[in-house]
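Below is one structure; the comments refer to it alone.
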Amino acid sequence: MPEGHTVHRLARTLEVLFAGRRLAVSSPQGRFAAGAALLDGSVLVRAEAWGKQLFCGFAPVPGDGVQHWLRVHLGLYGAWTFAGEGDDVVHAIGAPRRRIGERDSVPEAPDGAVPAASEAWEPPEPRGAVRVRLLADHAVADLTGPTACEVLTDVEKAAVEGRLGPDPIRPDGGHASLAAARDAFVARVRRSRVTVGQQLMDQAVVAGVGNIYRAEVLFRAGLDPLRPGRDVPAAVLDAIWDDLVDLMRDGAATGRIVTTRPADRGAGHDVPDGGRRRTRQNTDDDAGAVPADEAFYVYHRDGLPCRVCGTPVLLKELAGRNLFWCPACQA
DNA sequence: TCTAAATGCGCAG
DNA sequence: TGCGCCTTTAGAT
């Protein structure tokens, strides 16, 4: 379920928690036992994201170069959960999940007894099918349900990156500059007659865009998803890239995807009585967050009136994924 | 208790 | 184009 913004957030969280620390790496579920054995006891040097790919670099000694990369791709429903000393560490990133620490809080000591002086933080038991557990003295990260989880060399990592298009969240888009990244994106889309809707989901065209950003950015551009790439004016694609940079960086900063402009939210646009909320984000409970029902223009809004013109939003399966769009605004 | 769905992708034909 | 895979959860039975 996560798109690129989630993976960038994860990389940052993993760095903050673990960079420079020697980790116990295990596979409680067992399916990653061999890879975990390779990494166990080494130091996490850094974590980085390119699109939806997450790379954690491990060295045998602090300060040394990276010896192994852990590559993780969350796929449709992979997720990391974190727990540790202090509540600020306890949260989940990826597919929205119950927080790992919630059931494992330390019970109140009876009669106001002072906790034992030697009481150290203890990691909670793994919950569910945990493929990888990264454990330090003060915190733990558990990974469930990834579509990819493997140990790579530098060369293998470079090969993976070589297949990816520019990433709007990376400072330079993964190219010489952000401008060069935009040019690469525009040229790539315009050299094919494959529909823009399909190309936006192609990680070789642009890395990190998923089904939500695809639908929403096309709506905001007023562009028909079924238009062949080569027929889209370069200026429109320039604007789409710039919009992705804004939207996805905001998503990485806040942890949720919000694409509606304030004027298009609220009264008259809400899900009608009986309508169920279909999209959840990890930060739905946060105070001040834009309500989930108001965060999107078209994603999961098929059959509902377009927020801008009132025309019912359409749904069509395209290349195995659900495509949502307004046939009037995106003509 | 069962089933469908989910923000993804690689492979076969 | 369609299928399989990875896992959890909400909603139906």
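Counting non-hydrogen atoms of neighbouring residues, nucleotides and ligands closer than 6.0 angstrom, the CG atom of A:Asp250 exceeds 12 such neighbours.
With sequence neighbours excluded, no residue satisfies side-chain hydrogen bond (donor to acceptor under 3.5 Å, both in side chains) with A:Arg230.
Among the nucleotides B:dA6, C:dT7, B:dG8, the one closest to any side-chain atom of A:Asn322 is B:dA6. When the nucleotides C:dT9, C:dT7, B:dT7 are ranked by their closest atom to the side chain of A:Asn211, B:dT7 comes out on top. Between B:dT7, B:dG8, C:dT7, one nucleotide has an atom nearer to the side chain of A:Thr144 than all others, and that is C:dT7. Here the side chain of A:Lys52 is nearest to one of B:dT7, B:dG8, C:dT7, namely B:dG8. Comparing B:dG8, B:dT7, C:dT7 by their nearest atom to the side chain of A:Thr147 picks out B:dG8. Distances were taken from every side-chain heavy atom of A:Tyr299 (C-beta onward) to each of B:dT7, C:dT7, B:dG8; the shortest belongs to B:dT7.
The same atom, P, is picked in C:dC5 and in B:dG13; the two are 15 Å apart, to the nearest Å. The P atoms of C:dG11 and B:dT7 are separated by 16 Å, rounded to the nearest whole Å.
Nucleotide B:dG8 holds its C1' atom 14 Å from the CD atom of A:Glu317, rounded to whole Å. Atom CZ in A:Arg131 sits about 5 Å away from atom P in C:dT7, given to the nearest Å. To the nearest angstrom, C1' of B:dA6 lies 16 Å from CG of A:Leu323. Taking atom CH2 on A:Trp50 and atom P on B:dG8, their separation rounds to 19 Å, with Å as the unit. Spacing between atom CD of A:Gln29 and atom C1' of C:dT8 amounts to 13 Å, rounded to whole angstrom units. Atom CG in A:Leu318 sits about 15 Å away from atom C1' in B:dG8, given to the nearest Å. Between the CG atom of A:Leu10 and the P atom of B:dT7 there is a distance of 18 Å, given to the nearest Å. Rounded to an integer number of Å, the gap from CZ of A:Arg321 to C1' of B:dG8 is 5 Å.
Distances shown here put every side-chain N or O of A:His300 at or beyond 4.0 Å from the OP1 or OP2 atom of B:dA5. Remark: A:His73 is not in phosphate contact with B:dG8, judged by side-chain N or O atoms under 4.0 Å from OP1 or OP2. OP1 or OP2 of C:dT7 sits under 4.0 Å from a side-chain N or O of A:Arg31.
A donor-acceptor pair is defined here as one N or O able to donate and one able to accept, closer than 3.5 Å; such a pair exists between the side chain of A:Arg170 and the backbone of A:Ala49. Although no hydrogens or angles enter the test, the distance criterion places no donor-acceptor pair under 3.5 Å between the side chain of A:Arg71 and the main chain of A:Lys157.
The CG atom of A:Leu74 sits 10.0 Å away from the SG atom of A:Cys149 when rounded to the nearest 0.5 Å.
Minimum heavy-atom separation, A:Glu294 to A:Thr260: O-OG1, 2.6 Å.
Scanning residues 192-207 of chain A for heavy-atom distances under 4.0 Å to DNA chain B yields A:Met201, A:Gln203.
A salt bridge between A:Arg220 and A:Glu216 is absent, with no side-chain N of the basic residue lying under 4.0 Å from a carboxylate O of the acidic one.
When heavy atoms are screened at a 4.0 angstrom cut-off, A:Gly320 is found touching no nucleic acid atom at all.
With A:Asp167 as the partner, the side-chain hydrogen bond (donor to acceptor under 3.5 Å, both in side chains) test is satisfied by one option alone out of A:His175, A:Lys52, A:His8, A:Gln53: A:His8.
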